Novice: 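Pasting a structure below so you can have a look.
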Amino acid sequence: MDPAAEEARHLGLRFQRGFLAGRQLGAFPWAELEKKLKSSSDALLLLDILQKTILHPLCLKYPPSLKYRRCFISELIKKHESVATEPLDELYDVLADILNKEESTNCYKSYLLPTGDSVTLSETVAIISQGTTGLVTWDAALYLAEWAIENSAIFNNRTVLELGSGIGLTGIAICKTCNPKAYVFSDYHHCVLEQLRENIHLNGFVLESETENHTKMQSQSQRAEVMDLQGPKITVAELDWDSVAEEQLSELQADVVIAADVVYDPQITLSLIGVLQQLSISKTVGKPPEIYIAFTVRNPDTYHLFQTELDKVGIGWQVVPIHTKNLFLYDLHSNITLLKLLA
């Protein structure tokens, strides 16, 4: 492939990743697109971007919000009109189709995995909805998922407990790429748990409780086939950090505990410390679980409070080095830290 064609292909893939994941439109490489269009009157690049975004099979099945698609196609048309004299019918056909649709309260975002698979999530359009921030995917969850994929041996054939799973990005990515033996998603708000279960199903997984009910109705050979295909044992637990008992945490028998973007509020941080203290003294096969916490440092005081409270209860910590693969699009200028806790 000649350099110009390779550059165009790479540009198309950048638009694809950003669009499917619902990134802010201002973050797209519009200037590069305009420059490319000016150097060539060929409409193939725009048609390629259209196929990789709005007309992509994932988008057709699980579309982003209507407003998002409308703004995106409008921007594509604007870029085309700035360099071309002839309209491109395909762009206007897509716009007309979008204008004839009605907006939904939920939208979808899809994150492409290095395996060729993807994680598709149903999210609420509002950032804070129904009294919780757990109905959207935050940058630290993307960062933690990237790190997990790069360090999959930590999760391979082990039982993983995720605290504050939200709508499930990190856990679903790990279940699809890291081969855990079992994965326990957990959260507290009932709306988040409902959305989380929906997203687990959306990505082709069956919860352990559903598997048990289903296998009761199957023959022995059918049950064996299901066991081969179903992947990790997946459960969703309702965990209230203020009242969860040590016994409940011990029963989960976690080898690895992870959490993303759970350090943002002083009161919640103190509740989290209590859970981490209980986990650090629970033992699976004679040793406490490995614990990894990823978070965006928005307020240094909250971050320091978390470290101070860890020290108070005798939990050490170390900063995990930055990983090398950038699989997902998020704000690279965000101050995201990943800590490994040392019991």
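These numbers come from a predicted model, not from an experiment.
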Novice: Quick check: closest heavy atoms across Pro180 and Pro232, and the distance to 0.1 Å?
Specialist: O-CB, 3.2 Å
Novice: Taking Ile49's backbone N and O only, do any of them form a donor-acceptor pair with His56's side chain (distance below 3.5 Å, no angle check)?
Specialist: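 Looks like no, no N/O pair under 3.5 Å.
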Novice: With distance as the sole test, does Lys38 use its side chain to make a donor-acceptor pair with the main-chain N or O of Val83 at under 3.5 Å?
Specialist: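 No: the side chain of Lys38 does not pair with the backbone of Val83.
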Novice: Output all residues satisfying ring-ring contact (aromatic ring centres under 6.0 Å, His included) with His304, sequence neighbours left out; order by chain, then residue number.
Specialist: none
Novice: Minimum heavy-atom separation for Ala254 and Pro289, please, with both atom names.
Specialist: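 For Ala254 versus Pro289, the nearest heavy atoms are O-CB, 3.3 Å.
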Novice: Listed by chain and number, what are the ring-ring contact (aromatic ring centres under 6.0 Å, His included) partners of Phe28, not counting sequence neighbours?
Specialist: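 Residues passing ring-ring contact (aromatic ring centres under 6.0 Å, His included) with Phe28: Phe15, Trp30, Phe72.
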Novice: Quick one about Asp242 and Ser271 (side-chain donor to acceptor, distance below 3.5 Å, no hydrogens or angles considered), yes or no?
Specialist: yes
Novice: Do we see a donor-acceptor contact under 3.5 Å between the side chains of Glu246 and Ser282?
Specialist: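 Ser282 and Glu246 do not have a side-chain donor-acceptor pair below 3.5 Å.
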Novice: Check whether more than 12 heavy atoms from other residues, nucleotides or ligands sit under 6.0 Å from atom NE2 of His10, and answer yes or no.
Specialist: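 No, because the 6.0 Å sphere around NE2 of His10 holds 12 heavy atoms or fewer from other groups.
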Novice: Is a donor on one side and an acceptor on the other found under 3.5 Å between the side chain of Lys36 and the backbone of Ala4?
Specialist: yes
Novice: Given Tyr188, which partner from the list Leu239, Leu163, Asp240, Leu193 fulfils the side-chain contact (heavy atoms from CB on, under 4.5 Å) test?
Specialist: Asp240
Novice: In terms of hydrophobic clustering (I, L, V, M, F, W, Y; side-chain heavy atoms under 4.5 Å; direct or indirect links), are Ile336 and Leu305 co-clustered?
Specialist: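 In one cluster with Ile336: Leu305, no.
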Novice: List for me each residue that meets side chain to side chain contact (heavy atoms under 4.5 Å, CB included) alongside Thr115, sequence neighbours excluded, and say none if there are none.
Specialist: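 By the side chain to side chain contact (heavy atoms under 4.5 Å, CB included) rule, Thr115 matches Leu113, Asp117, Thr177.
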Novice: So, are Lys312 and Glu309 salt-bridged, with charged N and O less than 4.0 Å apart?
Specialist: yes
Novice: What about Val313 and Leu270, same hydrophobic cluster or not, with Ile/Leu/Val/Met/Phe/Trp/Tyr joined at side-chain heavy-atom distances under 4.5 Å?
Specialist: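 No, Val313 and Leu270 fall in different hydrophobic clusters.
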Novice: Are the side chains of Ile98 and Leu66 in touch, meaning some heavy atoms are under 4.5 Å apart?
Specialist: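 They are in contact (side-chain heavy atoms under 4.5 Å apart), so the answer is yes.
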Novice: Could you tell me how the ring of Tyr62 sits relative to the ring of Tyr108: parallel (under 30°), tilted (30 to 60°) or perpendicular (over 60°)?
Specialist: tilted
Novice: Would a distance-only check, ignoring hydrogens and angles, find a side-chain to backbone donor-acceptor pair under 3.5 Å from Asn156 to Arg158?
Specialist: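 Not confirmed, Asn156 side chain does not pair with Arg158 backbone.
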Novice: Identify, with sequence neighbours excluded, every residue that meets ring-ring contact (aromatic ring centres under 6.0 Å, His included) alongside Phe306.
Specialist: Phe295
Novice: If only atom types and distance count, is the side chain of Asn199 paired as donor or acceptor with the main-chain N or O of Ser122 below 3.5 Å?
Specialist: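 A pair under 3.5 Å: yes.
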Novice: With the threshold set at 4.0 Å, does a side-chain nitrogen-carboxylate oxygen contact exist between Arg69 and Asp97?
Specialist: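 Looking at Arg69 and Asp97, the cut-off is not met.
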Novice: Return the NE2 to CD distance between His189 and Gln195, rounded to the nearest 0.5 Å.
Specialist: 12.0 Å
Novice: Nearest 0.5 Å, what's the CG-CD distance between Asp255 and Gln253?
Specialist: 8.5 Å
Novice: Under a 4.5 Å side-chain heavy-atom rule over Ile, Leu, Val, Met, Phe, Trp and Tyr, are Leu112 and Leu55 clustered together?
Specialist: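 Yes: a chain of side-chain contacts under 4.5 Å links Leu112 to Leu55.
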Novice: Which residues satisfy the ring-ring contact (aromatic ring centres under 6.0 Å, His included) test with Trp317, sequence neighbours excluded?
Specialist: none
Novice: Do Thr159 and Leu252 have side-chain heavy atoms sitting under 4.5 Å apart?
Specialist: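 No - every pair of side-chain heavy atoms lies 4.5 Å or more apart.
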Novice: Side-chain heavy atoms under 4.5 angstrom apart, residues restricted to Ile, Leu, Val, Met, Phe, Trp, Tyr: same cluster for Leu327 and Leu329?
Specialist: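 No, separate clusters.
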Novice: Atom OG in Ser186, atom CG in Leu196: separation rounded to 0.5 Å?
Specialist: 9.0 Å
Novice: Write down the atom of Tyr330, the atom of Arg23, and the distance for their closest heavy-atom approach.
Specialist: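 Tyr330 and Arg23 have their closest heavy atoms at CA-NH2, 3.1 Å.
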Novice: Looking at Gln24, I want to see if its CD is surrounded by more than 12 non-hydrogen atoms of other residues, nucleotides or ligands under 6.0 Å.
Specialist: no
Novice: Hey, mind stepping through Phe185 and Arg197 against side-chain contact (heavy atoms from CB on, under 4.5 Å) and telling me if it holds?
Specialist: CA-CA 9 Å; Phe185 294 84; Arg197 291 187 185 97; over 6 Å; no
Novice: Within this structure, what is the CD1-CD distance for the pair Ile322 and Glu150, rounded to the nearest 0.5 Å?
Specialist: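 One finds 11.5 Å between CD1 of Ile322 and CD of Glu150.
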Novice: So how far is it from Gln267 CD to Thr269 OG1, rounded to the nearest 0.5 Å?
Specialist: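 With rounding to 0.5 Å, CD (Gln267) is 9.0 Å from OG1 (Thr269).
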Novice: Roughly how far apart are Ile273 CD1 and Ile268 CD1, rounded to 0.5 Å?
Specialist: 13.0 Å
Novice: Are Leu161 and Leu279 side-chain neighbours, meaning at least one heavy-atom pair lies under 4.5 Å?
Specialist: yes
Novice: Is there side-chain contact between Val320 and Leu339, with at least one heavy-atom pair below 4.5 Å?
Specialist: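 In short, these two side chains do not touch, never coming nearer than 4.5 Å.
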Novice: Between Phe328 and Ile149, is there a side-chain heavy-atom distance shorter than 4.5 Å?
Specialist: yes
Novice: Which residue, Asp261, Asp139, Asp265, forms the salt bridge (charged side-chain N to carboxylate O under 4.0 Å, His left out) with Arg298?
Specialist: Asp261
Novice: Does any part of the side chain of Asn203, heavy atoms only, come nearer than 4.5 Å to the side chain of Val119, both counted from C-beta?
Specialist: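 Sidechains of Asn203 and Val119: in contact.
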Novice: So Tyr264 and Thr302, do their side chains get closer than 4.5 Å, heavy atoms only?
Specialist: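 Heavy-atom side-chain distance check fails, nothing below 4.5 Å.
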Novice: Is there a side-chain contact between Tyr292 and Trp147 in this structure, where contact means two heavy atoms from C-beta onward sitting under 4.5 Å apart?
Specialist: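 SC-SC contact between Tyr292 and Trp147 confirmed.
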Novice: Show your reasoning for whether side-chain contact (heavy atoms from CB on, under 4.5 Å) applies to Ile174 and Ile258.
Specialist: CA-CA 11 Å; Ile174 289 173; Ile258 62 170; 3.6 Å; yes
Novice: For Leu47 and Leu88: C-alpha separation, side-chain torsions, deciding distance, then whether side-chain contact (heavy atoms from CB on, under 4.5 Å) applies.
Specialist: CA-CA 9 Å; Leu47 293 176; Leu88 196 58; 4.0 Å; yes
Novice: I'd like to know if the side chain of Asn179 and the backbone of Asn157 have a donor-acceptor N/O pair within less than 3.5 Å.
Specialist: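 Looks like no, no N/O pair under 3.5 Å.
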Novice: Over all heavy atoms of both residues, which pair between Gly166 and Asp187 is shortest? Give the atoms and the distance, please.
Specialist: N-OD2, 2.8 Å
Novice: Which atom names give the shortest non-hydrogen contact between Tyr111 and Ala21, and what distance separates them?
Specialist: CE2-CB, 3.6 Å
Novice: Check for me, please, whether Leu13 and Leu20 land in the same ILVMFWY cluster - side-chain distances under 4.5 Å, paths through other members count.
Specialist: no
Novice: Could you give me the CA-CA distance, side-chain angles and deciding distance for Ser280 and Leu341, then say whether side-chain contact (heavy atoms from CB on, under 4.5 Å) is met?
Specialist: CA-CA 9 Å; Ser280 68; Leu341 305 191; over 6 Å; no
Novice: Please check if the number of heavy atoms outside Glu194 that lie under 6.0 Å from its CD is greater than 12.
Specialist: no
Novice: Quick check: closest heavy atoms across Ser110 and Thr120, and the distance to 0.1 Å?
Specialist: OG-OG1, 2.9 Å
Novice: Could I get the full list of salt bridge (charged side-chain N to carboxylate O under 4.0 Å, His left out) partners for Lys79, not counting sequence neighbours?
Specialist: Glu34, Glu75
